[in-house]
Engineer: 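Before I ask anything, let me first share the structure, which is written out below as C-alpha cells.
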Amino acid sequence: MDDTAHAQVGKGDAFLDVTRSLSGRTWRLRSADAALTRRHQLALGLPEPLARALAARGVADGEGEIFLAPTLKAQFPDPSSFADMDLAAATLIDALQDGRSMTVFADYDVDGAASAAQLVRWFRAMGVELPIYVPDRILEGYGPSPAAFRRLKADGVDLVITVDCGAAAHDALACAAEIGLSVVVIDHHLMREGAAPAVAALVNPNRPDCRSGQGHLAAAGVTFVLLAALNREARRRGLFAEREEPRLTQWLDLAAMGAICDVTRLTGFNRALTAQGLRVMSAWRNPGLKALLATAQAEEDVASTFHAGFILGPRINAGGRIGRADLGARLLSTDDPAEAAELAAELDALNVERKTIEQGIIEDAIRRVEQETNLAEAPMILIAGDDWAPGVIGIVAGRLRERYRKPVVVVAIDRAADVGRGSGRSQPGMNLGRAVQAAYDAGLLLAGGGHAMAAGLTVRPADLPELRAFLCAQLAGEAIEAEGLDGLEIDAALTAQACDRPLFDAFQALAPFGPGNPEPTFVATDVRIERAMTMRGGHVRCTLTDAYGGRLKAVAWRCEDSEVGRRLMAEGGLVHVAGRLRADDWQGRAGVQFEIDDIADPRRVTA
C-alpha cells in the first residue's frame, strides 16, 4: 500500500478543494495527529495510511494492539459495576430455584429479539423453557403496558424480565407493583434524572446512578453481561455441581447482532463483544441465523457487520414492522432447524412486503415535499400521510434525511383513532430529540421523546401545522452550524488503480465498523465514468477508469434521481469519487468493488 495515498490535500479545510460536492457536502481529510500516527506506525509495523486511520479514530498511544485484536478477557467489565446487576442475578436465580413462572418481555426489533434469545437459551441450558412476550407494534405500541402486565399476571406469570424496554414504562411498572407482579428490567435507553421505578431490579448502564461506564452498549450487550452475572451467582450457589455450566461464548453472535443493528458505538468492550461475536457467527451454528442467511440466498462467508446489518437484521425486523412481532425472537431462540426454516421464510416474505410498502411511502412523501411550497427549504421537514404503515416510517424518515440532508419527521395518520404516530431522524448538529421534548412540554404532542439523532412522537392530526412551525422554529438556530458539520470525512485519496484488494484487506484490520469506528472512506481521484447503467431500485452501476490503466467496478445505491446519479449516467469528464471498498469474491476472483457515496466535479469546485 502506497504510503503517500493521502497526500492530495486541498486548501484550507476542504479536502481536494471540495467545498460543495454533488450531494452538497464539504469534503474533509479525517483529522489525525502526525506524531501519534508515526508512533502507531513504528510500534505496530503498519503502513502509514493504516496507522493514520488508527490515530484519526482516537486510538491512543499503546492502545493500538488491543484495538486491532480486541478480546473479551482484556475488556470484559465487572458485572457488579452495573447498578442492580447483582440484585437482578440473585432475583432470577431465586426464581429459578423456587420454580416460579417467568416470562421475558422483549421489544420487537433485533436488539430486543437478540436479548430475549440469550435469556431463553441460558434458562434452557438450566432446564427451564422461558416464554417470550413481544407486544404488537400497532395494537400495543412500544414497551410494556399495564394491560400487558395484567394479562401476564392473569396467565399465572410471577416474574417478568423486560429486555430492550421497560426503564421508562412508569405506568406499567406501577401497575405491576399494584398487582404483585415482579419485574426485572434489562434496558439501555436513556433515563431521566430521579428515583428509579420500584421494581425487583433495574439494570441499565444509562440510569443516572450506574457507574459501569458502559452506556454505549445495546440491550443485547447488557444481557450478555447479565448472563455472566447469572453464571457467577449460580456457581456461588453450587448449581453446577451436577450440571454443566452454560458456555456463554456460544451466544456472542446474538450480542453482536444487537450491537450492530442498534447502531451502537463500537468502542471498548462493545467493540470486543462485536468482534468476537462476528467470529462466533461465522460458524453459522445458530439455526435461526443460518436459515435466514439461506433464505436470503447468501453464502455462509465470514460474518461481517454487513451480514448483520443489511442481510439478517432487516429481515428479523420485518416481523415487528408489518407482521407478527414475536417472529424474530422465536427465530433466534429456536434449536429446531425445521422451525427455523419456516420462520426464516415467513420473515423473508415479510421483508419483501416491507420494502414495497416502504418504497411507496417514500415516493409519496417525496412528491408531497416537492409539491408543497417552501417545504423543502425549511430548517426541518415534517410530512404526514393517511394510512402510512407506522412500522416503516422510521426507515422512510432516514431515507428522506439522506436525500434532503436535514431533520425529517414522518407521521402516519390513523383517521379512525384521530391520532398520528411519527418517527424522526436528524442531522449532526441538530438535536431533534430536544425539539420534540420541547413540543411535548408546550402541549403540542400526546407523547414524544428521543435523542439528538432520532425521536418518536404521537400527535393529533389537527395540531400538525402548528407542530411543524414549532419544530422549524426550534431547529432554525441550529441549521447554520449543522450545515458546516455536514461534511464527508475522507481517510485517503488514491488512483483507481490503487483501490485494490491488498488495500481493502489491510484496512479490514480496523473492522468491525460502526459508530465510533467509521468504515474507511476513500476518494478515487481524477477518474472517468464508463458503462453506466441503471438497475431496479434506482441503483447505478458503472466502471471507474484512470490515466494509469486502473479499472474499478462501482455502484451507487438509490441514486438514480439524484445529482450523483445524473452525473454517473452522463459519463465522460474527470471527477473525484468518494466511497467505500467492498470485497468482490464472485467466482473466486478476490477483487474489490467501489461503493459510491459522493462525487465532486473539479470543474465545479471552488477554491
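Just so you know, residue 1 is the first one in the sequence shown, and it goes up from there.
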Engineer: Flag the pair Arg330 and Glu346 as a salt bridge only when some basic side-chain nitrogen lies within less than 4.0 angstrom of an acidic carboxylate oxygen.
Structural biologist: no
Engineer: Step through the shown structure and confirm whether more than 12 heavy atoms of other residues, nucleotides or ligands are within 6.0 Å of CG on Leu42.
Structural biologist: yes
Engineer: Check this for me, if you would: do Glu402 and Arg425 make a salt bridge, where the nitrogen-to-carboxylate-oxygen distance has to be below 4.0 angstrom?
Structural biologist: no
Engineer: Decide if atom CD of Glu342 counts as having more than 12 heavy atoms of other residues, nucleotides or ligands within a radius under 6.0 Å.
Structural biologist: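 Open.
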Engineer: Should the pair Arg137-Asp109 be classified as a salt bridge under the 4.0 Å nitrogen-to-oxygen rule?
Structural biologist: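 The answer is no: the pair does not qualify as a salt bridge.
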Engineer: Looking at Gly268, is its backbone amide N or carbonyl O close enough to the side chain of His216 to form a donor-acceptor pair, meaning the two atoms are under 3.5 Å apart?
Structural biologist: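 Answer holds: no.
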Engineer: Could you report the tightest heavy-atom contact between Ala218 and Gly258, atom names first, then the distance?
Structural biologist: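 Here Ala218 and Gly258 meet closest at CB-O, 3.6 Å.
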Engineer: I need the minimum non-hydrogen distance between Ile490 and Ala578, along with the two atoms involved.
Structural biologist: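 Reported closest heavy-atom pair: CD1-CB, 4.2 Å.
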Engineer: Among Val409, Val408, Leu432, find the residue that satisfies the side chain to side chain contact (heavy atoms under 4.5 Å, CB included) test when tested with Ser426.
Structural biologist: Leu432
Engineer: Taking Glu358 first and then Arg399, would you say they form a salt bridge - that is, a charged N and a carboxylate O separated by under 4.0 Å?
Structural biologist: yes
Engineer: CD/Glu300 to CG/Leu289 distance, rounded to the nearest 0.5 angstrom?
Structural biologist: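 Going from the CD atom of Glu300 to the CG atom of Leu289 covers 10.5 Å.
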Engineer: Closer than 3.5 angstrom, by distance alone: can the side chain of Lys406 be matched with the main-chain N or O of Ala378 as a donor-acceptor pair?
Structural biologist: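 Such a contact is found between Lys406 side chain and Ala378 backbone.
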Engineer: I would like to know whether Leu332 and Met257 meet side chain to side chain contact (heavy atoms under 4.5 Å, CB included); could you show each step before the answer?
Structural biologist: CA-CA 10 Å; Leu332 296 182; Met257 283 295 300; 5.6 Å; no
Engineer: Taking the side chain as every heavy atom from C-beta outward, state whether Ile529 and Thr543 have any atom pair closer than 4.5 Å.
Structural biologist: no
Engineer: Under a plain distance cut-off of 3.5 Å, with no hydrogens placed, do Gln593 and Arg541 share a side-chain donor-acceptor pair?
Structural biologist: yes
Engineer: Would you say that Ile383 contacts Leu400 through its side chain, given a criterion of any heavy-atom pair below 4.5 Å between the two side chains?
Structural biologist: yes
Engineer: Find out whether Leu293 and Met281 are in side-chain contact, i.e. whether some heavy atom of one side chain is under 4.5 Å from a heavy atom of the other.
Structural biologist: no
Engineer: Working to the nearest 0.5 Å, report the span between NZ of Lys355 and CD1 of Ile395.
Structural biologist: 11.0 Å
Engineer: Is the closest side-chain heavy-atom distance between Asn286 and Val280 below 4.5 Å?
Structural biologist: no
Engineer: From Ile366 CD1 over to Ile362 CD1, what is the distance, rounded to the nearest 0.5 angstrom?
Structural biologist: 6.5 Å
Engineer: What's the spacing between Leu552 CG and Asp546 CG if we round to 0.5 Å?
Structural biologist: 9.0 Å
Engineer: Heavy atoms only: give me the nearest Gly573-Arg528 pair and the separation to one decimal.
Structural biologist: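 Between these two residues, the closest heavy atoms are N-NH1, 3.3 Å.
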Engineer: Which distance, rounded to the nearest 0.5 Å, do you find between the CD1 of Ile311 and the OG of Ser304?
Structural biologist: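 Answer rounded to 0.5 Å: 7.0 Å.
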Engineer: Taking C-beta and beyond as the side chain, do Asp585 and Arg501 meet within less than 4.5 Å on heavy atoms?
Structural biologist: yes
Engineer: Donor-acceptor check, side chain of Gln75 to backbone of Ala272, threshold 3.5 angstrom: yes or no?
Structural biologist: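 Checking the backbone N and O of Ala272 against the side chain of Gln75, no donor-acceptor pair under 3.5 Å is found.
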Engineer: Looking at every non-hydrogen atom in both residues, tell me the closest pair between Gly64 and Leu44 and how far apart they are.
Structural biologist: CA-CD1, 3.8 Å
Engineer: Between Thr525 (side chain) and Leu494 (backbone), is there a donor-acceptor pair under 3.5 Å?
Structural biologist: yes
Engineer: Verify, without hydrogens or angle tests, whether Thr264 (side chain) and Ala259 (backbone) share a donor-acceptor contact under 3.5 angstrom.
Structural biologist: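 Yes: the side chain of Thr264 pairs with the backbone of Ala259.
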Engineer: Using every non-hydrogen atom in the two residues, find where Ala14 and Thr19 come nearest and quote the distance to one decimal.
Structural biologist: CB-CG2, 3.8 Å
Engineer: With no hydrogens and no angle check, is any side-chain donor or acceptor of Glu595 less than 3.5 Å from a backbone partner on Trp557?
Structural biologist: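 Side chain of Glu595 to backbone of Trp557, a donor-acceptor pair under 3.5 Å: no, none is there.
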Engineer: Quick check against the 3.5 Å criterion: does Ser282 have a side-chain atom that pairs as donor or acceptor with the backbone of Ala303?
Structural biologist: yes
Engineer: Does the side chain of His188 come within less than 4.5 Å of Asp111's, by heavy atoms?
Structural biologist: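 Result yes, sub-4.5 Å side-chain heavy-atom pair found.
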Engineer: Using a strict threshold of under 4.0 Å (side-chain N to carboxylate O), is an ion pair present between Asp253 and Lys290?
Structural biologist: no
Engineer: Look at the side chain of Asn317 and the backbone N and O of Val110, then say whether any donor-acceptor pair between them is shorter than 3.5 Å.
Structural biologist: yes
Engineer: Is the shortest heavy-atom distance from the side chain of Arg28 to the side chain of Glu489 under 4.5 Å?
Structural biologist: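 SC-SC contact between Arg28 and Glu489 confirmed.
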Engineer: Are any of the side-chain heavy atoms of Leu50 and Leu54 separated by less than 4.5 Å?
Structural biologist: no
Engineer: Decide side chain to side chain contact (heavy atoms under 4.5 Å, CB included) for Leu36 and Asp61; before the verdict, give the C-alpha distance in whole Å, the side-chain angles of both, and the deciding distance to 0.1 Å.
Structural biologist: CA-CA 7 Å; Leu36 178 58; Asp61 193 16; 3.9 Å; yes
Engineer: Where is the tightest heavy-atom contact between Ala113 and Ala329, given as atom of each residue plus distance?
Structural biologist: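 Looks like CB-N, 3.5 Å.
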Engineer: Any donor-acceptor pair under 3.5 Å linking the side chain of Arg354 with the backbone of Leu350?
Structural biologist: no
Engineer: Which distance, rounded to the nearest 0.5 Å, do you find between the OG1 of Thr249 and the CG of Leu72?
Structural biologist: 8.5 Å
Engineer: Quick check: are there more than 12 heavy atoms from other residues, nucleotides or ligands sitting under 6.0 Å from CD of Glu65?
Structural biologist: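 Counting neighbours around CD of Glu65, 12 or fewer heavy atoms of other residues, nucleotides or ligands fall under 6.0 Å, so no.
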Engineer: Dump the intermediate steps for side chain to side chain contact (heavy atoms under 4.5 Å, CB included) on Arg551 and Leu544, then the final yes or no.
Structural biologist: CA-CA 6 Å; Arg551 297 183 64 82; Leu544 307 178; over 6 Å; no
Engineer: Please walk me through it: do Glu560 and His539 pass side chain to side chain contact (heavy atoms under 4.5 Å, CB included)?
Structural biologist: CA-CA 6 Å; Glu560 184 180 3; His539 316 310; over 6 Å; no
Engineer: Could you name each residue pair satisfying salt bridge (charged side-chain N to carboxylate O under 4.0 Å, His left out) that touches residues 263-282, not counting sequence neighbours?
Structural biologist: none
Engineer: Taking salt bridge (Lys or Arg N to Asp or Glu O under 4.0 Å) as the definition, give me every residue that meets it alongside Arg536, ordered by chain and number, with sequence neighbours left out.
Structural biologist: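 Per chain and number, Arg536 pairs via salt bridge (Lys or Arg N to Asp or Glu O under 4.0 Å) with no residue.
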Engineer: Parallel, tilted or perpendicular: which one describes the rings of Trp27 and His576, with boundaries at 30° and 60°?
Structural biologist: tilted
Engineer: Any side-chain donor-acceptor pair under 3.5 Å between Ser115 and Asp164?
Structural biologist: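 No pair is found: no donor N or O on one side chain lies under 3.5 Å from an acceptor on the other.
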Engineer: Spell out, as yes or no, whether a donor-acceptor pair under 3.5 Å connects the side chain of Glu478 to the backbone of Asn431.
Structural biologist: yes
Engineer: Quick check on Arg531: does its CZ atom have over 12 non-hydrogen neighbours (other residues, nucleotides or ligands) under 6.0 Å away?
Structural biologist: no
Engineer: Report yes or no: do Gln427 and Tyr404 form a side-chain donor-acceptor pair below 3.5 Å?
Structural biologist: no
Engineer: Please check if atom CZ in Arg285 has more than 12 non-hydrogen atoms from other residues, nucleotides or ligands closer than 6.0 Å.
Structural biologist: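 Counting neighbours around CZ of Arg285, 12 or fewer heavy atoms of other residues, nucleotides or ligands fall under 6.0 Å, so no.
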